[in-house]
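Okay, structure first, notes after.
All values derive from a computational prediction rather than experimental measurement.
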Amino acid sequence: MAAQQTTGRVTRRRVRTRANLLDAAFAVFAAKGFGRVSIEEVCEAAGYSRGAFYSNFDSLDELFFALYRERADLIAQQVADALAGDGPDLDVPSSVDRVTEVLLLDLDWLLVKTDFLVHAARDPAVAHTLLDHRARLRRAIADRLARARGHTALPAVLGDTDSAAHAVVAAYDGVTTQLLLDKDVDNARAWLKQLLTALLTDGSAHPE
């Protein structure tokens, strides 16, 4: 019994240490950029030794991938949850409001995500991780659009729901590129809302 309790405490401590390292790394990567950060800087920010780092991660790359997957999964789930609230009818302006609130909350996430995109562009194996995240995000959007078909018409030019989901993600990519440069979250949120509403309604619905 005592051995089980000890093992449980060690496991909880390890989980907590890993989470603290990921949180510290997120802040350091956002501030300095991946490729400009050392293991020592992550350890110092988290308040741990190199030994604690290596008991959880083999390398800075592994930590970076773990951080990306954790945040990407969270964003994908938030988008899915934001789109799940309506009934069969799709209230496009309301759904767009909820999704833009989720997608544009965190400039630090956009910085880290962009670092990952550049890294992935030079490494096909890394690109697979990024493509998998984008596919999950598109599926969450496409699933919601598919449930609304027959109740809410989509512009014919978009084709099927998967193509419409591609268009939504492409619009997000464009707006957030500008956001990274001007840091104007309110303007980016308003512009993305207008763009997505026009895209998904053929311009027939207008946000207030």
Looking at [atom1] of [X] and [atom2] of [Y], how far apart are the two atoms once the value is rounded to the nearest 0.5 Å?
{"X": "Tyr68", "Y": "Asp115", "atom1": "OH", "atom2": "CG", "answer": "11.5 Å"}
{"X": "His166", "Y": "Asp160", "atom1": "NE2", "atom2": "CG", "answer": "8.5 Å"}
{"X": "Thr197", "Y": "Gln194", "atom1": "OG1", "atom2": "CD", "answer": "8.0 Å"}
{"X": "Glu101", "Y": "Leu192", "atom1": "CD", "atom2": "CG", "answer": "11.0 Å"}
{"X": "Asp123", "Y": "His128", "atom1": "CG", "atom2": "NE2", "answer": "12.5 Å"}
{"X": "Asp173", "Y": "Lys113", "atom1": "CG", "atom2": "NZ", "answer": "5.5 Å"}

Ser55 backbone acceptor or donor facing Arg14 side chain under 3.5 Å = yes

query = Does any N or O in the side chain of Thr176 come within less than 3.5 Å of the main-chain N or O of Leu179, such that one atom is a donor and the other an acceptor?
reply = no

remark   = Which of Asp106, Leu110, Leu107 passes side chain to side chain contact (heavy atoms under 4.5 Å, CB included) with Val185? It is Leu107

Asp73 and Arg69 ion-paired at < 4.0 Å = no

ask   = Is Lys183 paired with Asp108 through a side-chain N to carboxylate O contact shorter than 4.0 Å?
value = no

inquiry  = If you count every heavy atom of other residues, nucleotides or ligands that lies below 6.0 Å from Glu40 atom CD, does the total exceed 12?
reply    = yes

For residues [X] and [Y], report the shortest heavy-atom separation together with the two atoms involved.
{"X": "Arg36", "Y": "Lys32", "value": "CD-O, 3.4 Å"}
{"X": "Ala45", "Y": "Val28", "value": "CB-CG2, 3.7 Å"}
{"X": "Leu21", "Y": "Ala46", "value": "CD2-CB, 3.9 Å"}
{"X": "Asn187", "Y": "Asp184", "value": "N-OD1, 3.0 Å"}

Answer yes if [X] and [Y] sit in the same cluster of Ile, Leu, Val, Met, Phe, Trp and Tyr residues linked by side chain heavy atoms under 4.5 Å apart, and no otherwise.
{"X": "Tyr172", "Y": "Leu117", "result": "yes"}
{"X": "Tyr54", "Y": "Phe65", "result": "yes"}
{"X": "Leu130", "Y": "Leu180", "result": "yes"}

Looking at side-chain heavy atoms only, is the closest gap between [X] and [Y] below 4.5 Å?
{"X": "Glu70", "Y": "Leu22", "answer": "yes"}
{"X": "Arg18", "Y": "Phe57", "answer": "yes"}
{"X": "Leu67", "Y": "Phe116", "answer": "no"}

ask   = How far apart are the C-alpha atoms of Phe53 and Leu60, what are their side-chain angles, what is the distance that settles it, and do they pass the side-chain contact (heavy atoms from CB on, under 4.5 Å) test?
value = CA-CA 9 Å; Phe53 179 94; Leu60 208 55; 4.1 Å; yes

request  = Go through Val169 and Arg134 one step at a time and tell me if the side-chain contact (heavy atoms from CB on, under 4.5 Å) criterion holds.
outcome  = CA-CA 8 Å; Val169 174; Arg134 291 172 69 83; 3.6 Å; yes

key: Inter- and intrachain pairs under ring-ring contact (aromatic ring centres under 6.0 Å, His included), touching residues 21-49, at least two apart   = Phe29-Phe34, Phe29-Phe64, Phe34-Phe64, Phe34-His119

task = Indicate whether the side chain of Asp132 and that of Thr129 have a donor and an acceptor atom separated by less than 3.5 Å.
result = no

task = Could you please spell out the steps behind the salt bridge (Lys or Arg N to Asp or Glu O under 4.0 Å) verdict for Lys193 and Asp186?
result = CA-CA 11 Å; Lys193 178 181 176 181; Asp186 290 338; over 6 Å; no

